[in-house]
Amino acid sequence: MDRPAILFVCLGNICRSPLAEAAFRFEAARLGLDVEVDSAGTGGWHAGNPPDPRAIAEAARHGIDIAGYRARQVALEDFARFDRIIAMDLKNLARLSEIAPAGARAKVSLLLDHVAGLEGEPVADPYFGGPEGFEQTWREVEAGARALAEQLAH
Ligand code: 4NP
């Protein structure tokens, strides 16, 4: 099988989707999965910026360095380049469905739809809250990343 390519998408690509990318890279490595992984935002305001310092700190608490990540906006080419595009919440999912070209390669889904019992749930946006929000974000993206990696491994 070809190497699967997975793109994680939130709004700004500085909080949730970089953490999802980091958690998924970690889980894929743990399972020995050969995958291409990236993240992007439906919005472009933060393009070129590193992740939010609170996201960098949260990843570091789990031994993962995401300080070198840079935000970018989702591009139409992503629908041809990736097999799976994984949205963090329903707004991002709706936006992706709106811009998806007809006959796109990528299958779009919600991250927590991959976790039994959490179907339809969003990864809460921690941007306007305190640092404790990022702990919650990590728990959610980690659960989603683990479930998705396990599905792809079988
Ligand atoms: P993210 O969080 O979508 O998880 O990266 C946000 C980042 C920036 C903004 C909102 C959410 N913003 O309004 O700039």
Side-chain angles (χ1 to χ4, degrees), residues 4-29 35-101 104 106-149 151-152:
I6 320 288
L7 179 69
F8 295 93
V9 172
C10 61
L11 178 60
N13 193 209
I14 56 169
C15 298
R16 292 166 292 175
S17 62
L19 288 173
E21 176 184 347
F24 185 76
R25 285 185 185 281
F26 185 88
E27 291 297 330
V35 281
E36 182 185 340
V37 188
D38 196 7
S39 63
T42 52
W45 313 281
H46 297 280
N49 292 346
D52 187 286
R54 297 165 296 174
I56 294 176
E58 186 60 31
R61 269 193 282 282
H62 302 280
I64 303 175
D65 180 8
I66 64 168
Y69 288 17
R70 291 295 177 266
R72 72 173 179 89
Q73 189 169 17
V74 172
L76 288 182
E77 299 79 60
D78 289 326
F79 290 89
R81 185 177 147 210
F82 290 90
D83 300 289
R84 309 290 295 266
I85 301 183
I86 312 286
M88 297 300 115
D89 66 28
L90 290 167
K91 262 196 187 160
N92 300 138
L93 185 71
R95 181 66 187 144
L96 288 166
S97 305
E98 240 170 67
I99 64 173
K107 187 174 157 201
V108 178
S109 62
L110 188 67
L111 180 65
L112 293 181
D113 273 353
H114 298 277
V115 182
L118 294 182
E119 296 89 348
E121 292 292 327
V123 174
D125 185 347
Y127 185 67
F128 292 106
E132 69 287 351
F134 283 76
E135 277 181 52
Q136 164 93 9
T137 300
W138 178 264
R139 282 196 294 274
E140 292 171 351
V141 300
E142 167 61 25
R146 189 180 319 130
L148 187 62
Q151 283 161 19
L152 289 169

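Remember, it's 1-based here, ligands and their atoms both numbered in the order they're listed. No experiment lies behind these values; they were computed from the predicted model shown. Start at 1 with the first residue, then count along the sequence.
Residue pairs that meet the side chain to side chain donor-acceptor pair (under 3.5 Å) test with at least one member in residues 15-24, sequence neighbours left out, are Asn13-Ser17, Arg16-Asp89, Glu21-Arg25, Glu21-Ser39.
Every residue two or more places apart in sequence or in another chain that forms a ring pair (Phe, Tyr, Trp, His ring centres under 6.0 Å) with Phe24 is listed here: Phe8. For Asp83, the side chain to side chain donor-acceptor pair (under 3.5 Å) partners are Arg105, not counting sequence neighbours.
Residues Ser109 and Arg84 come closest through the heavy atom pair OG-NH2, 4.1 Å. The two residues Ile14 and Ala71 come nearest to each other via the heavy atoms CG2-CB, 4.0 Å. Here the closest non-hydrogen pair linking Met88 and Cys10 is CG-CB, 3.7 Å.
Near ligand 1, heavy-atom contacts under 4.0 Å come from Cys10, Leu11, Gly12, Asn13, Ile14, Cys15, Arg16, His46, Asp125, Tyr127, Phe128.
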